[in-house]
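Along the sequence shown, the residues carry numbers beginning at 1. Values reported hereafter were calculated over all heavy atoms of this structure, with side chains retained and with hydrogens, waters and symmetry mates removed. Both ligands and their constituent atoms are indexed starting at 1 by order of listing.
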Amino acid sequence: MAAPATAPGPGPGPATATAPAPAPAPAPDTASPPGPAAGTAPAPASEQMRLEIPGDRRLEAGHAITLRAMARRLPQLIGRALRMAWQVDRRAVAALLVCQVLSGVLEALGLLAVTGTITAVIASGHIAGRLREAAPSIALLAAAAGVRAVLGITIGALSTRLAPRISREAELRLLDAATHAELTAYDHPGYNDRWDAADRGVEVSQDLLNQSQNILAATASLVAAAAVLTAVHPLLLPLLVLAALPQAVAGVRAGRLNYLASLDTMSDRRLLGLLRWHLVDKDNADQIRSGTMADFLLGKYRAAGARVDAATDRAAWRAARTSLLGSLAGGLASGLVWAALIALIGTGRISVASAGTATFALRSVASGLHGIVGYGAIIFRTGMYLDDWSDFLDEAGGHRVRRGAVVPAGPAVVRAEHLGYAYPDADRPSLSDVTLDVRKGEVLALVGENGSGKTTLSKLLCALYLPTTGAVTWDGTDTVALDAQAAWQRVAVVPQDYAQWPLTARENITLGQPVRGPGGSDADDAVRTAARASGADDVVAALRSGLDTLLAREWWGGQELSGGQWQRVALARAFHREAGLLVLDEPTAALDPRAEHRIFTGLRALAADRAVVLVTHRLTNVTVADKIAVLDRGRLVQYGTFTELRDAPGLFHDLWTLQNDRPASRP
Ligand SMILES: Nc1ncnc2c1ncn2[C@@H]1O[C@H](COP(=O)(O)OP(=O)(O)OP(=O)(O)O)[C@@H](O)[C@H]1O
């Protein structure tokens with residue numbers, strides 16, 4: 001799920017509303033797990049890049065990669081792969097399994113045919129007669145090999161069909177979980193990181209089936225060859241298993257070393273992803289140039305890259321040493337097996353023909369064992385990514401929007417009663433004991449210094465957040481009891497950072513939900529009316545295809561708007577919505593004086609059939625408000641009309657005085 005370089009990241013954005021979502025870190029290969037890990041790298045003292053997932057358990061899991069743990073986990077992972085595949089295409093999975101079993105049976109038959117062939121070929125008599133005798137076995141060998149090849153191709157085709165579907169299904173489940181979680185989920189520590197990790201789980205989900213497939217194939221071939229080997233002589237199989245063990249242990253150890261190294265470098269790899277994002281993001285491009293920051297950021301990138309390379313090199317070297325030792329021990333052990341085989345022939349316990357069969361079977365068993373261990377280590381790591389994916393589904397499931405079933409009308413009275421709100425894990429509440437209301441036909445202005453809680457309060461009033469203490473009611477009904485989707489259909493919000501959707505101008509205003517125009521007229525009439533109220537009509541008129549113009553220059557040649565033009569479109573979007581509650585958070589920050597004047601002179605008319613909440617620092621604009629609520633560090637310190645507050649001593653008066661205290665212009 002890679003994001004376009006200039007678009008926000010695909011997952012939930014970072015905790016603050018103003019920062020851009022980071023791009024996904026570089027896509028992992030199957031040997032390198034994603035995301036940061038708690039405790040894997042010491043957090044820089046300055047906190048400037050504290051990239052860790054609270055409660056991350058992957059380091060522990062990395063240390064737990066042992067042969068036994070793998071043996072326990074493999075069946076679960078194969079089962080999971082088959083279940084995921086089963087959900088997307090049952091018939092393909094059934095066919096895949098049948099092909100796999102058939103392939104194993106044919107391998108066994110082929111091996112048995114070797115005995116018949118060798119027996120016939122080394123028997124005494126004329127060569128033609130010996131060949132005639134060997135013909136059925138040779139035919140069986142050839143047929144088994146041919147059919148296995150066809151089965152192999154079928155298995156490949158079925159896997160190719162299933163893999164992308166599995167990954168699509170995994171992705172859809174992730175998106176469904178993320179988009180149906182409460183907004184507050186994003187504020188939980190680690191939620192966004194876990195989304196990143198889960199996203200990479202989706203990327204590898206399509207590998208799971210192939211990897212299971214390889215293990216099943218190796219297992220089928222091993223079982224077939226082991227059965228044949230045991231039939232030749234019961235001593236051979238245990239000997240071979242013993243011989244394969246050193247290499248198996250070394251393989252798992254090497255895998256663990258690589259995995260732990262990739263955990264160690266997670267923090268730096270995440271940093272690389274973030275830096276890459278900031279280096280190429282269009283929104284930062286001018287500031288990188290004007291601030292001559294490129295070398296500084298590239299220096300950071302190089303340093304982090306060098307740390308990753310050094311850690312990876314160290315691990316690769318240690319893993320190579322472990323594998324070398326394993327191979328040496330494995331070589332010695334194989335020598336023992338071959339010695340045993342020769343001894344069995346020498347003592348007449350097995351025939352030469354059986355020894356021939358055993359030779360083939362030994363190779364099959366050995367490669368089967370190596371296949372299981374090798375692919376096992378890979379699928380084990382894939383399983384860890386998938387755990388991240390399913391953990392996120394569980395976590396987001398825990399935040400799933402589960403409110404009441406009351407379907408509200410556009411509210412006539414929105415009321416906060418002793419309202420309190422604390423962000424998850426925050427040291428202190430952002431709002432405490434706030435009581436106020438706003439009614440249809442009224443404009444309520446929220447005023448206060450930065451961080452005083454205005455935006456948070458507006459999100460509670462429109463039921464995006466639920467209170468932690470007290471209540472917000474719509475016409476007397478607690479927002480907790482409202483059907484969330486139905487409630488949100490009744491609100492229109494222009495946030496400080498409004499979305500610039502890469503859609504047409506019309507879709508940017510209707511949000512894909514056209515409504516009838518005034519007097520039941522055409523849907524475009526409603527769009528034009530909203531555009532007129534916000535000043536977006538001038539913007540649309542200048543676009544080459546009017547409402548049909550795509551508003552994204554970098555996409556398929558669309559057109560780009562200026563900041564203020566985008567804000568007009570965002571306002572039109574809110575005015576177009578048939579909402580009972582309109583929330584405007586700094587709605588004119590990017591507008592020129594003429595456009596701003598138009599909004600505020602039109603606001604009263606807009607408020608006629610809506611309750612309007614206006615958040616602003618420009619105190620001249622709050623003269624349009626019927627009531628002003630002044631917040632200070634989350635508390636409601638003043639509540640009244642403009643003239644009351646302006647003339648009374650207090651925070652509003654102080655802010656008003658400061659805003660009007662500008663040095664006189666030079667004569
Ligand atoms: N997502 C969040 N997670 C944790 N704390 C948050 C979050 N958003 C805001 N806060 C905190 O809540 C408090 C109120 O923030 P809020 O954005 O509501 O203030 P504001 O009055 O709208 O500020 P401004 O005028 O700067 O827009 C601040 O102390 C802020 O640090």
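Residue-to-ligand polar distances keep R428 apart from ligand 1: every N/O pair is separated by 3.5 Å or more. An N or O contact shorter than 3.5 Å is missing between Y465 and ligand 1 by distance.
For ligand 1, the atoms lying closer than 4.0 Å to a non-hydrogen atom of D187 are 1 (N), 2 (C). Against a heavy-atom cut-off of under 4.0 Å, H617 is close to the following atoms of ligand 1: 25 (O).
Atoms CZ and CG, from R573 and L511 in turn, are 5.5 Å apart once rounded to the nearest 0.5 Å.
Residue N450 holds the heavy atom nearest to atom 24 (P) of ligand 1 of all those in T616, V447, N450. Scanning Y421, Y423, Y186 for the heavy atom closest to atom 9 (C) of ligand 1 points to Y423. The heavy atom nearest to atom 15 (O) of ligand 1, out of those in T456, L446, T184, is found in T456.
Few gaps surround CZ on R415; more than 12 heavy atoms of other groups in view lie less than 6.0 Å from it. A 6.0 Å sphere centred on CZ of R594 holds no more than 12 heavy atoms belonging to other residues, nucleotides or ligands. Few gaps surround CD on Q659; more than 12 heavy atoms of other groups in view lie less than 6.0 Å from it. With a 6.0 Å radius and a threshold of 12 heavy atoms from other residues, nucleotides or ligands, R403 has its CZ atom above the threshold.
Not a single heavy atom of A426 lies less than 4.0 angstrom from ligand 1. Within the 4.0 Å heavy-atom cutoff, E586 does not count among the residues contacting ligand 1. For G448, the closest heavy-atom approach to ligand 1 does not fall below 4.0 Å.
At a heavy-atom distance under 4.0 Å, only side-chain atoms of S430, from C-beta outward, approach ligand 1.
Across R173 and L393, no two heavy atoms sit closer than the pair O-CD2, 3.5 Å.
Looking only at distances, no side-chain donor or acceptor of R610 sits under 3.5 Å from a matching main-chain atom of G410. For the pair T473 (side chain) and D475 (backbone), a donor-acceptor distance under 3.5 Å is absent.
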